[in-house]
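Since the model is a prediction, treat every value here as computed from it, not as a measurement. Read the numbers this way: they start at 1 and go in the same order the structure lists the ligands and their atoms.
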Amino acid sequence: MATRKIVTIGDETLRKVCRKQEKFDLRLAVLLKDMADTMYRAEGVGLAAPQVGILRRVVVVDVTEDHSGLREMINPEILEREGTQTGREGCLSVPDRQGVVTRPRKVRVRYQDRKGRVQELVAENLEARAICHELDHLDGVLYVDVMDRELSEEEIHSRIPEDGD
Ligand code: NI
């Protein structure tokens, strides 16, 4: 298992607009594997390439507890958004902080897989939230830029009212 170092807030890498991934080669496969390993080790539900210092439009997402739902998305674009959800969000690049963020409840996404084939998926609830969060990273946007409010230290460790309660 190869994990990479996660860049944290304050580093300019997180503020850049990433370039399109053009090559679907072994190097991309290695990046995807390393990103998944890094995400799982950090117990995150998503990771974008700029978070490991690579300015390419590549993200991984897995909102399952048993790591059975890995999505690898290259050059992803949101085609449709439906509804809203308001809830807790954090980021591996923004350690020890959380905020309340409003996101679409459902999204339809077009992306390329590791072989360059165009795919589409519809995601809802937590997966839709994670996808929106990771796609923002590709344009240099962090959840702290779009949150409704930041949670206090106390709230981070307690229940807060969220959609779905
Ligand atoms: Ni993040």
Determine, stepwise, if the pair Gln98 / Arg88 fulfils side chain to side chain donor-acceptor pair (under 3.5 Å). CA-CA 7 Å; Gln98 286 182 3; Arg88 187 191 295 260; 2.6 Å; yes

Are Arg71 and Glu127 ion-paired here, with the side-chain N under 4.0 Å from a carboxylate O? yes

Got a salt bridge between Glu77 and Arg110, using NZ or NE/NH1/NH2 to carboxylate O under 4.0 Å? no

We want to know whether Thr86 and Thr102 form a side-chain donor-acceptor pair, criterion being a heavy-atom distance below 3.5 angstrom. yes

Is it the case that the side chains of Asp113 and Gln119 hold a donor-acceptor pair, with the cut-off being a distance below 3.5 Å and no angle test? yes

Would you please name every residue forming a side chain to side chain donor-acceptor pair (under 3.5 Å) with Tyr111, sequence neighbours left out? none

What are the protein N, O or S atoms, given as residue plus atom name, that sit under 2.8 Å from the Ni ion (ligand 1)? Cys91 SG, His133 NE2, His137 NE2

